[in-house]
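Throughout, protein chains are lettered first and strands after them, A, B, ... in sequence-line order, and every chain is numbered starting at 1.
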Protein chains: 2
Amino acid sequence: MSEESTREADAAAAEGRPRKRLRADAQRSTDALLTAAAEVFATSGVDAPVREITAKAGVGAGTLYRHFPQRSDLIAAVFRHEVDACADSAPSLAARYEPAEALAKWLQRFAGFIATKRGLSAALHSGDPAYDTLPSYFEQRFMPVLGALLDSAAKAGEIRSDVDPEDLLVATRNLTLPAQEDDNGHTPRMIALLVDGLRYGAPAREAR
Amino acid sequence: MSEESTREADAAAAEGRPRKRLRADAQRSTDALLTAAAEVFATSGVDAPVREITAKAGVGAGTLYRHFPQRSDLIAAVFRHEVDACADSAPSLAARYEPAEALAKWLQRFAGFIATKRGLSAALHSGDPAYDTLPSYFEQRFMPVLGALLDSAAKAGEIRSDVDPEDLLVATRNLTLPAQEDDNGHTPRMIALLVDGLRYGAPAREAR
DNA sequence: TGCTAAGCGGAACACTGTTCCGTATCGTTC
DNA sequence: GAACGATACGGAACAGTGTTCCGCTTAGCA
């Protein structure tokens, strides 16, 4: 994830924060906080105590507030961080698997990402301007990624070619909604089904 | 509001709490808390500090927790209290004004009630079972009241007679939504317009 | 190697929800 | 109206939280 700092800086620039290379220790702290916060948010929700996050990150409270003065800053940063991780996983999947398989694997990955985002909707709609750019960031990062995966698979004749990336993104997200705490693998099964649906109308199949 | 204690007891019975006459001082405390909480919720939202409420009510913290062990209990009680106050205002309006005018005045009153309920939707959807009965309570109390006002006005020939109470309730509520902090009397004007719409098709008018 | 700005840690503070218990009040009985 | 038990009250005390502050440490550079 070497381009992460660049991405962060981009986001910073977009928000008007001064764009500057972080000192090594500051970068370490920031990374540790983002990782710890992601875990804590996933298990205890976004309202988890600050100390739980700083303890897991092995960092003092002052350090957290230095980098993320507002709680919303941290939440938004974690969100962007995970969006990036999910989106960046696509190329390596594309390199390792056949196009349709890469698409299937990435959708599963994406569903996993969405599943950890329960309880964020309340924050998103809190009116805090720190969240204003998140939806568009979500779209900007995921649409091209999914578009590319679809394209490759379609070009390879492994799936049909009349699928709108946005439809598929929304559908996948919605599939994760009914999932309860333990859903016995419901979501992965449903996504697999969706991908099979994509394969159904593929030229390679029609041709035989 | 002499029937209030009865109503409270009804609600209590409906929820399985023991139905019992409160001691005089306990009744005073409860009333003071409900009144104070209503004001505080309106100005500072439902997340306002407990001490702000107890201070305004002139009551100790222990007293609040005695009567409302959970915050959701207090919120629900305030809600019911205000629903009652709004619903109970209809008869006196009906006695003082011509039917259509009473209807208009009550809808304005209802709009005022709704306007103070912003920020409650988050609580309502929090999943706390204490709120489960509130929507039906809302409907049970308001539908008959509005139905009676409509009936009277229709029977007097002052408005058309093909209006569904539920439609009107929802419409009025929705009219208050776009209102900002200072909307320069937007909502009252829109409601007046709505009532004029009701009057338009009235028999008394058609007959001339 | 030494210097300086940047960054760090965590004690300390302010504010919150919640509990607890000695005291006060109510309603009843005689 | 006096006495008494049950009920309710008040607010200090406690525990948990977010946030600030500042002496100390470290990274980067000359």
So, OP1 or OP2 of D:dG10: does either fall under 4.0 Å of a side-chain N or O from B:T63? yes
Within less than 4.0 Å of OP1 or OP2 of D:dA8, is there a side-chain N or O belonging to B:H67? no
Mind calculating the distance between [atom1] ([X]) and [atom2] ([N]) to the nearest angstrom?
X     : N      : atom1 : atom2 : answer
B:I53 : C:dG17 : CD1   : C1'   : 12 Å
A:L64 : D:dT20 : CG    : P     : 12 Å
B:Y65 : D:dA12 : OH    : P     : 16 Å
B:L74 : C:dG17 : CG    : C1'   : 13 Å
B:D47 : D:dG18 : CG    : P     : 14 Å
A:F68 : C:dC8  : CZ    : P     : 11 Å
A:E52 : D:dT19 : CD    : P     : 16 Å

Below 4.0 angstrom, N of the basic side chain to O of the carboxylate: do B:R96 and B:E101 qualify? no
Lys/Arg N to Asp/Glu carboxylate O, A:D196 vs A:R199, below 4.0 Å: yes
Listed pairs, N/O of protein and of nucleotides 27-30 of chain C, under 3.5 Å:
| from | atom 1 | to | atom 2 | distance (Å) |
| --- | --- | --- | --- | --- |
| C:dG27 | OP1 | B:A24 | N | 3.1 |

Using a cut-off of 4.0 Å on non-hydrogen atoms, how would the nucleic acid contact of [X] be classed: base, sugar-phosphate, or nothing?
X     : answer
A:A57 : nothing
A:R71 : sugar-phosphate
A:S29 : sugar-phosphate
A:A48 : sugar-phosphate

Parallel, tilted or perpendicular: rings of B:W106 and B:F110 (30°, 60°): parallel
Upstream residue (5' side of DNA chain C) when B:A61 and A:G60 are each assigned their closest nucleotide: A:G60
Which nucleotide sits closest to the side chain of [X]: [options]?
X     : options                : value
A:V59 : C:dG9, C:dC8, C:dT19   : C:dG9
A:R28 : D:dT19, C:dT16, D:dA27 : D:dA27
A:R66 : D:dT17, C:dC8, D:dT19  : C:dC8

Which is more 5' along DNA chain D, the nucleotide nearest A:R51 or the one nearest A:G62? Just name the residue. A:R51
Is the shortest side-chain heavy-atom distance between B:D132 and B:P129 below 4.5 Å? yes
Please examine the side chains of B:Y137 and B:D84, heavy atoms only from C-beta on, and report whether any two atoms are closer than 4.5 Å. yes
When rounded to the nearest 0.5 angstrom, what distance separates CG in A:D167 from CG in A:L150? 10.5 Å
Residue among A:R28, A:R23, A:Q27 satisfying side-chain hydrogen bond (donor to acceptor under 3.5 Å, both in side chains) with A:D25: A:R23
Nearest heavy-atom pair of B:E158 and B:P99: which atoms, and what distance? OE2-CD, 3.4 Å
